[in-house]
Amino acid sequence: MAQKPSIPKGTRDFSPVEMVKRNYIFDTVRKVFQKYGYLPIETPAMENLSTLMGKYGEEGDKLLFKILNSGDFLSKADSNALDEKASNRVMNQISEKGLRYDLTVPFARYVVQHQNDITFPFKRYQIQPVWRADRPQKGRYREFFQCDVDVVGSNSLLNEVELIQVVEEVYNLLNINVALKINNRKILSGIAEIIGASDQIVDITVAIDKLDKIGLEKVNEELAAKGLSEQAINMIQPVILLSGTNSEKLASLKGTLASSEIGLKGIAELEKVFAYCEHLNLKLEVELDLTLARGLNYYTGAIFEVKAKDVAIGSITGGGRYDDLTGIFGLKDVSGVGISFGADRIYDVMNQLELFPLNDGVRTKVLFVNFGGEDELYATTAIKRIREVGINAEFFPDETKIQKQMNYANKKNIPFVVLTGEKERAEGEYTLKNMLSGEQLHLSIEKLIETLKD
RNA sequence: GUGAUUGUAGCUCAGUUGGUUAGAGCGCUAGAUUGUGGUUCUAGAGGUCGCCGGUUCGAGACCGGUCUUUCACCCCA
């Protein structure tokens with residue numbers, strides 16, 4: 001047992017059964033992304049730490065996987081820092097690369113680096129794994145796949161609306177019941193502004209994000225613990241407890257935020273997005289949720305989150321608008337908006353609800369039993385013709401007992417088996433066995449292909 | 001990072017207050033069946049009880065550490 005190999009905590013192997021299902025998800029989102037004009041890119045698994053650090057907040061920095069420098073890295077490190085066991089100082093000297101934490105920041109880096117080759121607005125999608133060093137738990141892995149779609153170089157709210165359409169179409173195709181929650185960072189900023197706590201917007205959003213989980217009282221306690229005055233906490237109560245339809249909520253907010261220019265701008269943005277969605281007659285449930293904050297500190301406008309309605313697993317898609325992400329890398333005034341589909345959580349949801357269709361396209365339809373000798377060529381020739389018409393076929397590579405070969409077909413769920421021994425070869429025919437019914441037919445090659453086609 | 005929790009055959013799990021040679025079901029291999037799988041019958045293989053250390057005459061069981069699993073918190077897809 002001790003010698004048994006293993007994989008790192010929070011990572012997983014994907015066997016054929018799982019990969020067929022995973023690819024179904026990837027193929028579906030890819031198809032939708034392309035339909036809306038997004039094109040694929042890929043970026044390296046590792047980035048320079050300077051690219052990654054400081055983009056995800058303090059918490060995010062801790063969750064970055066760092067890669068040790070090559071060679072005798074310790075001899076180049078500051079011996080004082082080593083003696084003092086000052087992890088942070090030592091880390092800077094022995095590691096300059098890290099595994100990417102998401103796809104958005106590497107994308108911003110990509111946009112800046114390739115700005116002269118890119119035509120804006122630039123619409124791209126990216127389906128790759130990301131890594132986070134937090135403790136695995138339900139629906140949380142250390143290595144997982146994100147499917148990102150982003151548009152950069154356009155301020156238009158049409159992009160927000162389009163992404164909502166993408167969400168609707170993807171989950172419609174996958175047959176998952178979802179609700180999209182939307183908020184706007186500008187409204188949150190407005191709220192912080194009117195209570196005179198603009199610098200504490202992150203604390204405030206993090207706290208009110210927990211309303212569902214811990215309840216109003218605890219949220220208020222947390223706000224107080226963060227140093228908000230009683231008066232300030234009182235002022236935001238109506239905001240936290242806002243209810244009604246989206247337009248009712250917005251109307252009420254307009255009153256509360258009347259004196260905040262930025263707050264009103266956020267409201268106007270949401271109004272337009274809602275209006276367009278209504279016009280397009282989207283079936284997707286889109287709900288304004290002021291408790292939706294999201295920790296990432298680079299969002300500046302819309303914030304999205306999608307939850308599966310039938311499974312409790314946290315959000316399965318998230319995103320938002322970021323006005324100045326490329327600014328950190330030296331390219332000003334490029335606004336972007338994007339969302340990320342969490343493939344692994346979507347998989348978990350679909351698996352739990354048994355939503356995966358039988359995927360016949362990836363299954364072998366017919367197995368030829370190997371009789372060896374001259375029969376091998378006879379079979380190989382027939383298999384070539386069967387494959388030419390697009391039917392998945394395989395030939396058992398070794399001449400072993402038929403029992404074993406039949407069993408192989410059985411285990412792989414192959415619906416048809418062809419027997420081509422001396423008898424068949426002499427008659428120029430093929431014995432086709434239906435593995436479900438057990439029925440056997442003697443057929444010419446033409447009839448065989450015809451039968452396998454339907 | 002904090003607090004719990006799990007680990008015995010390939011898989012799912014039994015294993016009494018510490019006591020001889022650690023079991024079951026499923027799966028696997030072989031045979032019954034030399035051109036027929038999925039059913040049935042028979043036989044067989046497969047374990048350093050996660051790892052390291054400690055207590056004891058004696059540890060799968062008790063203690064410490066470590067890794068792993070699962071879950072909550074923080075945070076997040």
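The basis for the numbers below is simple: all heavy atoms, side chains too, and nothing from hydrogens, waters or symmetry mates. Keep in mind the model is a prediction, meaning the values are calculated, not measured. Letters A, B, ... mirror the listed sequences (proteins, then strands); counts begin at 1.
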Please determine whether a side-chain nitrogen of the Lys or Arg among A:Glu287 and A:Lys307 lies less than 4.0 Å from a carboxylate oxygen of the Asp or Glu. no

A:Lys411 near the nucleic acid: base, sugar-phosphate alone, or nothing, with a heavy-atom cut-off under 4.0 Å? sugar-phosphate

Which atom pairs link the protein and nucleotides 72-74 of chain B when you take only N or O atoms and keep those under 3.5 Å?
unit_1: B:A72; atom_1: OP2; unit_2: A:Gln137; atom_2: OE1; d: 2.6
unit_1: B:C74; atom_1: N4; unit_2: A:Arg140; atom_2: NH1; d: 2.7
unit_1: B:C74; atom_1: N4; unit_2: A:Arg140; atom_2: NH2; d: 3.4

In residues 16-28 of chain A, what residues come within less than 4.0 Å of RNA chain B, judged by heavy atoms? none

For the pair A:Arg345 and A:Asp348, evaluate salt bridge (charged side-chain N to carboxylate O under 4.0 Å, His left out) and give the outcome as yes or no after the intermediate values. CA-CA 5 Å; A:Arg345 285 188 178 175; A:Asp348 289 345; over 6 Å; no

Only one of A:Asp61, A:Asp102, A:Thr104 passes side-chain hydrogen bond (donor to acceptor under 3.5 Å, both in side chains) with A:Tyr56; say which it is. A:Asp102

Looking at A:Phe26 versus A:Tyr347, is the centre-to-centre ring distance below 6.0 Å? no

G-U wobble or Watson-Crick pairing nucleotide for B:C62 (cut-off 3.5 Å, both distances): B:G54

How is A:Tyr408 classified with respect to the nucleic acid when contacts are heavy atoms under 4.0 Å: base, sugar-phosphate, or nothing? nothing

Counting only side-chain heavy atoms from C-beta out, which of B:C76, B:G38, B:U36 sits nearest to A:Arg132? B:C76

Report yes or no: is the ring centroid of A:Phe341 under 5.5 Å from the six-membered base ring centroid of B:A77, with the two planes under 30 degrees? no

Ring centre gap for A:Tyr125 and A:Tyr36 strictly below 6.0 Å: no

Does a side-chain N or O of A:Lys404 approach OP1 or OP2 of B:G38 to a distance below 4.0 Å, or not? no

Taking any heavy-atom pair under 4.0 Å as a contact, classify A:Asn407: base, sugar-phosphate, or nothing. sugar-phosphate

Is A:Gln403 close enough to B:G37 that one of its side-chain N or O atoms is under 4.0 Å from OP1 or OP2 there? yes

